[in-house]
Amino acid sequence: MNGEVRQWVRTARHIVLLSGAGMSAESGVPTFRDTQTGLWANFRPEQLATEAAYRSDPAMVWDWYQVRRDSIAKVQPNPGHRAVAAFQRRHPGRLTVVTQNVDGLHQRAGSPGVLALHGNIAEDRWLDAPRACCDASRLRDGRPPACSACGNLRRPAVVWFGEMLPAAELEAAEAAAQTCDLMLVVGTSGVVYPAAGLARATAGRVVVINPEPSALDDAGDAVLRGTAATMLPELLAG
Ligand code: NAD
């Protein structure tokens, strides 16, 4: 472990931890690249995770999400998620989690105020703007469930390709990135924007934690070649 980086953590007034799919890899959640193998290998997320795909075949896309939801419900936060939450308990207000992950594992580990830029796969929302009759507690069962009066469909509360990020979360993440004095970039390939842009917009030091090269390595004041579950408990021990 780089002693200088530990010193940066100890002295930082405000830290942002920007996490991507690699943060959850050791919990058993496949990264984007890993989803290119296995059950749904023939379906590219770019083709299924869109509003157009949902509207043209809602049952198929709903089923695809159900498979992912079922597998995520079975996994647990790993020592990396837990180290982050424990640091936040010991140092209230000093670390903000900004995540691209939709798996809810930071939240389940106990991190408060997680800025989930791409939503949460465990939650649903209305596909079309809700009408007066749309009541989420009285749904017509189905794949997907729908409003029993008007048929408005429920959809996973995740950000699909081509959609805007939730404005409030993005603004809060940008403000945190601009004002923090240290950003830990963990387990992201750094190719999905605007999330990756946060690491380039910070005035603070940037530490990249990734066992493989990433597109954000050049933005790093330090690059630590290791995994989230091994590096974070050590780095955030203080
Ligand atoms: P990515 O799959 O493109 O990249 C994952 C990165 O994590 C890679 O750079 C890889 O080297 C690194 N990595 C792998 N194992 C690691 C470990 N144990 N510790 C640290 N790093 C590790 O992921 P991305 O950059 O987050 O972008 C993919 C998009 O897909 C995001 O928008 C994200 O929302 C979505 N996604 C989310 C999840 C999830 O919620 N867990 C899973 C897959 C994809």
Side-chain angles (χ1 to χ4, degrees), residues 1 17-41 43-50 64-65 67-84 97-109 111 114-123 156-166 169-170 173 183-200 206-220 222-236:
M1 167 65 61
L17 182 127
L18 175 65
S19 65
M23 179 80 219
S24 300
E26 288 152 288
S27 291
V29 183
T31 62
F32 191 72
R33 192 168 50 184
D34 291 342
T35 59
Q36 310 299 307
T37 58
L39 188 57
W40 292 89
F43 297 86
R44 297 177 58 78
E46 298 90 322
Q47 285 162 353
L48 290 184
T50 68
W64 182 65
Y65 274 100
V67 171
R68 295 183 63 201
R69 286 171 160 172
D70 289 347
S71 63
I72 284 171
K74 291 189 193 113
V75 304
Q76 298 299 326
N78 65 52
H81 298 104
R82 290 199 295 272
V84 174
V97 175
V98 178
T99 189
Q100 301 173 79
N101 295 341
V102 296
D103 56 36
L105 288 175
H106 280 296
Q107 296 90 326
R108 280 172 53 196
S111 279
V114 174
L115 298 171
L117 295 181
H118 296 167
N120 190 327
I121 200 169
E123 295 168 8
V158 296
V159 176
W160 283 332
F161 289 95
E163 291 186 323
M164 305 287 283
L165 270 56
E169 276 82 355
L170 182 58
M183 183 178 290
L184 306 177
V185 179
V186 186
T188 177
S189 52
V191 294
V192 178
Y193 279 74
L198 295 172
R200 302 199 179 273
V206 174
V207 176
V208 173
I209 300 174
N210 196 316
E212 307 279 342
S214 82
L216 286 173
D217 287 0
D218 67 306
V223 177
L224 303 180
R225 286 277 171 254
T227 72
T230 53
M231 301 298 260
L232 288 172
E234 225 181 304
L235 200 57
L236 298 174

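Just so you know, residue 1 is the first one in the sequence shown, and it goes up from there. None of these values were measured; they are calculated from a predicted model. Ligands are counted one by one from 1 in listed order, and the atoms in each one are counted from 1 as well.
A heavy-atom distance below 4.5 Å is not found between the side chains of Leu117 and Val159. A 4.5 Å side-chain heavy-atom check between His118 and Leu165 finds at least one atom pair inside the cut-off. Arg108 has its side chain within reach of Gln76: a pair of non-hydrogen atoms, C-beta onward, lies under 4.5 Å apart.
Both the backbone and the side chain of Val102 come within 4.0 Å of ligand 1, judged by heavy-atom distances.
Nearest-heavy-atom check against atom 41 (N) of ligand 1 across Leu117, Asp103, Leu105, Val185 picks out Asp103. One option in Ser19, Gly80, Ala25, Gly187 has a heavy atom closer to atom 15 (N) of ligand 1 than any other, and that option is Ala25.
Side-chain N or O atoms of Glu26 include none that pairs as donor or acceptor with a backbone N or O of Asn78 at under 3.5 Å. Side-chain atoms of Asp70 never come within 3.5 Å of backbone atoms of Val67 as a donor-acceptor pair (strictly under, hydrogens ignored). A donor-acceptor contact shorter than 3.5 Å links the side chain of Arg69 to the backbone of Glu123. Side chain of Asn120 to main chain of Ala122: a donor-acceptor pair is present (N/O by atom type, distance under 3.5 Å, no hydrogens or angles).
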Practice problem: Could you walk me through whether Ser24 and Ser27 pass side chain to side chain donor-acceptor pair (under 3.5 Å), step by step? | Solution: CA-CA 5 Å; Ser24 300; Ser27 291; 5.3 Å; no

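Geometrically, ligand 1 and Ser214 share no nitrogen or oxygen pair separated by less than 3.5 Å. Not a single N or O atom of Val192, backbone or side chain, sits closer than 3.5 Å to an N or O atom of ligand 1.
Under the 4.0 angstrom criterion for non-hydrogen atoms, Val29 is in contact with ligand 1. The closest approach between a heavy atom of Pro211 and any atom of ligand 1 is below 4.0 Å. The closest approach between Pro30 and ligand 1 falls below 4.0 Å for a heavy atom of the residue.
Here is the list of ligand 1 atoms found below 4.0 Å of a heavy atom in Glu26: 17 (C), 18 (N), 19 (N). Within ligand 1, the atoms closer than 4.0 Å to a non-hydrogen atom of Glu212 are 11 (O), numbered from 1 in the order shown. Here is the list of ligand 1 atoms found below 4.0 Å of a heavy atom in Thr227: 17 (C), 18 (N), 19 (N). Counting atoms of ligand 1 from 1 in the listed order, those under 4.0 Å from a heavy atom of Gly20 are 26 (O).
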